[in-house]
S.K.: 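Dropping a structure here in structure tokens format, bear with me for questions.
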Amino acid sequence: HSMIKKISYFIKVAQCGNITKAANELFISQPSLSVAIKQLEKDWNVTLFERGCNSLSLSADGRRLLPYAESVMYDYHLLQQALSKKTNENLIIVGSGMTHVSDIVEDYNQHCCCHAKLRQFFDYFDLSKALQAGKCDLAVCSPPLSVRGIFSKELCVEQLCATINPNHSLAAADELTINDILNYPFITLPTKFPVRMAIDQAFYKANIKPNYTDEAENLVIHSMLVRGAKEYISIYPLSMARRLHSLYGLKYIPIAEDEFRRTIAVSWQGNYIPPKRITEIVQYIEQFYATSPLFKPWGEYSSDKGQMLV
């Protein structure tokens, strides 16, 4: 890399015919550029420039070697483009609307040879369309995607929790039933949010129509409203509830009924066998959920096979 840089300096000085002008265009100091050129001459055992009092011109060796130097830089740029294309081909795009998936992707990048990038979706249907259109290589979401051409593999279930102000009248409880919370005002997120869809699905399976009294346009406003209103109740998955507890001091209490769990799945285009290029990351995601104490194996809750399709 040092030799490539010195060759590029040689070409720039030859183009400018003036070392001060070349240094300005390269955004380096004139002494640093002079040292680099002299080092290159030493490396090659030639004199590249004829130096006069107020002039600088290519020597005979300089004129002879300049075309080769330009050819080297041209090939180097082609190499960089090829490497960049290969990097983009190997990049795996993971789509999700769940906040904890960023931790999975970050951990994967630290331990595996391929590189993954998370693309966050706050709209469940936008995520579905992106996966169908090939804008994501796979999706990790809840509820599982149920669309044509997409295979979804259920991985685990996650407890839903009542999330409340620490001074709420229910704050002393270790666990709540749905009957404990139905008479309190609920605040929720818009229907496009994946977490809202999981919560609506839980109420559907419990055959209960929730009484949503307020709706916040995003997660931050939602959390601030819950923290500022003594009797509001919100429902969040355990991983998100823990994060909101850390960020905003909200208290979270598990809801006892089995219906109040969300199913998390990994999805990709095609059949039940994931494409070869994403096999490793799919296995990594499966291992994450299998070993994390926040999630329970999906097989323990096989009744989720009858979930409402959305």
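Quick caveat, the model's predicted, so the values are computed rather than measured.
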S.K.: Just do the side-chain contact (heavy atoms from CB on, under 4.5 Å) check on Tyr76 and Ile7 with the steps written out, would you?
M.R.: CA-CA 11 Å; Tyr76 179 72; Ile7 292 173; over 6 Å; no
S.K.: Can Glu158 and Arg261 be said to form a salt bridge (Lys or Arg N to Asp or Glu O under 4.0 Å), step by step?
M.R.: CA-CA 5 Å; Glu158 183 181 15; Arg261 291 171 172 82; over 6 Å; no
S.K.: Do the non-hydrogen side-chain atoms of Ser8 and Met73 ever get within less than 4.5 Å of each other?
M.R.: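 Yes, close enough: below the 4.5 Å cut-off.
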S.K.: Are Val46 and Val35 linked, directly or through intermediate hydrophobic residues, by side-chain heavy-atom contacts shorter than 4.5 Å (ILVMFWY only)?
M.R.: no
S.K.: Which is it for Glu257 and Lys205 under the salt bridge (Lys or Arg N to Asp or Glu O under 4.0 Å) test, yes or no, and what are the steps along the way?
M.R.: CA-CA 10 Å; Glu257 285 85 353; Lys205 289 189 288 185; over 6 Å; no
S.K.: Ignoring hydrogens and geometry beyond distance, is a side-chain donor-acceptor pair present between Tyr184 and Asn211 at under 3.5 Å?
M.R.: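 There is no such pair between these side chains.
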S.K.: Using 30° and 60° as the class limits, which term best fits the ring planes of Tyr212 and Phe203: parallel, tilted or perpendicular?
M.R.: perpendicular
S.K.: Please name the pair of heavy atoms, one in Pro144 and one in Tyr124, separated by the smallest distance, quoted to 0.1 Å.
M.R.: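 Nearest pair, atom of Pro144 first, then Tyr124: O-OH, 2.9 Å.
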S.K.: Is there a side-chain contact (heavy atoms from CB on, under 4.5 Å) between Ile235 and Phe186? Walk through the geometry before answering.
M.R.: CA-CA 8 Å; Ile235 297 177; Phe186 280 88; 3.7 Å; yes
S.K.: Considering only heavy atoms from C-beta outward, does the side chain of Tyr9 approach that of Leu26 to under 4.5 Å?
M.R.: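 Sidechains of Leu26 and Tyr9: in contact.
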S.K.: So, do Leu66 and Phe10 sit near enough that their side-chain heavy atoms are less than 4.5 Å apart?
M.R.: yes
S.K.: So does Leu48 get a backbone contact from the side chain of Glu41, meaning a donor-acceptor N/O pair under 3.5 Å?
M.R.: yes
S.K.: Does some side-chain heavy atom of Phe49 sit less than 4.5 Å from a side-chain heavy atom of Ser59?
M.R.: no
S.K.: Are Trp268 and Ser152 close enough that some pair of their side-chain heavy atoms sits under 4.5 Å apart?
M.R.: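 Of all side-chain heavy-atom pairs linking Ser152 with Trp268, none is under 4.5 Å.
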S.K.: What's the separation between atom CG in Leu250 and atom CZ in Arg243, rounded to the nearest 0.5 Å?
M.R.: 14.0 Å
S.K.: Hey, does Ile104 have a side-chain heavy atom less than 4.5 Å from the side chain of Tyr289?
M.R.: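 Tyr289 reaches Ile104 side chain to side chain.
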S.K.: Using a cut-off of 6.0 Å, state whether more than 12 heavy atoms not belonging to Asn271 lie near its atom CG.
M.R.: yes
S.K.: A quick test of your reading: do over 12 heavy atoms of other residues, nucleotides or ligands sit less than 6.0 Å from CG of Asn183?
M.R.: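 It does not: Asn183 CG has 12 such atoms or fewer within range.
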S.K.: Could you go step by step and tell me if Arg262 and Tyr236 meet the side-chain contact (heavy atoms from CB on, under 4.5 Å) rule?
M.R.: CA-CA 10 Å; Arg262 71 170 176 177; Tyr236 280 116; over 6 Å; no
S.K.: Counting C-beta onward and ignoring hydrogens, is there a side-chain heavy-atom pair between Ile233 and Ile187 closer than 4.5 Å?
M.R.: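 A side-chain contact under 4.5 Å is absent here.
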S.K.: Is there a side-chain contact between Lys192 and Phe121, using heavy atoms and a 4.5 Å cut-off?
M.R.: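 No - every pair of side-chain heavy atoms lies 4.5 Å or more apart.
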